Every structure is written in structure tokens, then in C-alpha cells.
Amino acid sequence: MSIQPVDVVYTAVATAENGRDGRVASDDGKLDVVVNPPKEQGGSGAGTNPEQLFAAGYSACFQGALSVVARQEKADVSGSRVTAKVGIGKTPSGGFGLTVEIAASIPHVDAATAQSLIEKAHQVCPYSNATRGNIDVKLSVI
């Protein structure tokens with residue numbers, strides 16, 4: 001599913017220097033971080049890494065989608081938390097791929113309602129829509 005350029009209401013811009021072992025900054029200066037490969041990938045682990053940045057963005061975006069769905073369903077998601085775990089590894093074709101696990105804690109609803117809410121949020125979330133069919137995303141209620 002793609003959107004038409006006239007539908008775009010905001011565009012984020014970030015520039016990386018030296019790839020996975022350098023720096024990433026947004027054009028407005030609000031984000032400016034050192035990136036380094038994690039120790040598990042032979043790096044120093046001193047800075048953040050693209051997978052952590054992706055996990056941060058995905059969890060925040062999914063939390064927003066959860067709030068949208070909750071308003072529609074008249075469900076209380078106050079105090080909820082969404083955690084995204086992003087894994088990276090080699091694919092059978094020799095490249096690299098990602099996996100994502102989204103875990104949500106929604107304290108003021110029962111487990112069945114929480115599961116329904118996260119499944120609906122997964123249909124609304126822009127990150128979920130961007131990754132659908134490309135990345136294995138697992139959803140769970142905690």
C-alpha cells in the first residue's frame with residue numbers, strides 16, 4: 001500500500017556518515033547520535049545502532065497506533081507500554097534481514113481485548129504497514 005505524495009503531511013530527514021560506524025543526524029538537529037555496531041557484531045557497542053533506532057521508532061509509532069485504535073474501541077490504554085525487539089541476522093541468500101517482536105502491556109483491559117487491540121494497531125501503524133510481507137513481526141501481550 002503506497003500513499004500519494006499529496007497525502008504526505010510530514011517528511012523526516014536524517015543523514016548518516018560512515019554507515020553503521022559513524023554518526024546519524026536529523027536536518028533539524030533534534031537527533032544527533034553516534035552509531036556503532038554492537039559487540040555481538042564485532043563492534044565497540046559504544047554508540048547506538050540502526051536496530052535500536054528502528055526499535056525506538058517502531059515502539060513509539062505502534063504505541064500511537066494503539067492509542068488511535070483504543071479511542072475507536074473506547075478502550076482504556078492508559079499506562080500501557082509497547083516494547084519492540086529488533087533482531088538482525090543473515091538470511092539464507094547471504095544478505096541480512098530483520099525480525100521484530102512487538103510486546104504490549106495494557107493494564108486496564110483483559111487479555112482478549114488487549115490482543116484484539118494490538119492486532120488492530122498492527123493494521124494501522126505505519127511501521128507495520130511498511131514492514132508487512134518483508135519482516136517477520138510477532139505480536140504479544142505481556
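These numbers come from a predicted model, not from an experiment.
- Checked by atom type and distance alone, the side chain of R132 never pairs as donor or acceptor with a backbone atom of V137 at under 3.5 Å.
- The ring pair (Phe, Tyr, Trp, His ring centres under 6.0 Å) search around F62 returns none, not counting sequence neighbours.
- Under the 4.5 Å side-chain heavy-atom criterion for ILVMFWY residues, a single connected hydrophobic cluster contains both V141 and V100.
- In the hydrophobic cluster analysis, where Ile, Leu, Val, Met, Phe, Trp and Tyr join through side-chain heavy atoms closer than 4.5 angstrom, I102 is grouped together with I88.
- Between H108 and S78 there is a side-chain heavy-atom pair separated by less than 4.5 Å.
- Minimum interatomic distance between G47 and Q52 (heavy atoms only, all atoms of both residues): O-OE1, 4.4 Å.
- Clustering ILVMFWY residues whenever any of their side-chain heavy atoms sit less than 4.5 angstrom apart, transitively, puts I106 in the very cluster that holds V124.
- Closest approach of L117 to A70, counting heavy atoms only: CD2-CA, 4.2 Å.
- Taking every heavy atom of both residues into account, V109 and A75 meet most closely at CG1-CB, 4.4 Å.
- Counting only residues at least two apart or in different chains, salt bridge (charged side-chain N to carboxylate O under 4.0 Å, His left out) contacts with residues 19-31 comprise E17-R23, R20-E51, R23-D32.
- L31 and V34 fall into different hydrophobic clusters, where Ile, Leu, Val, Met, Phe, Trp and Tyr residues are linked whenever their side-chain heavy atoms come under 4.5 Å apart, directly or through other members.
- Considering all non-hydrogen atoms of both residues, C125 and C61 come closest at SG-SG, 3.5 Å.
- Residue pairs meeting the salt bridge (charged side-chain N to carboxylate O under 4.0 Å, His left out) criterion with at least one member in residues 71-82, sequence neighbours excluded, are E73-K120.
- Inter-residue side-chain proximity for K138 and D136 is flagged as met; some heavy-atom pair is nearer than 4.5 Å.
- Side-chain contact annotation: Q115 with E119, donor-acceptor N/O pair under 3.5 Å present.
- No donor-acceptor distance shorter than 3.5 angstrom exists from the side chain of S116 to the backbone of A112, with no hydrogens or angles considered.
- For the pair K39 and S44, the tightest heavy-atom approach, listed with the atom from each and the gap, is CE-O, 3.4 Å.
- Among all heavy-atom pairs drawn from V24 and A16, the shortest one is CG2-CB, 3.9 Å.
- To the nearest 0.5 Å, atom OH of residue Y58 and atom CG of residue L98 are 11.0 Å apart.
- Tracing side-chain contacts under 4.5 Å through hydrophobic residues (I, L, V, M, F, W, Y), one reaches L139 starting from V69; they form part of the same cluster.
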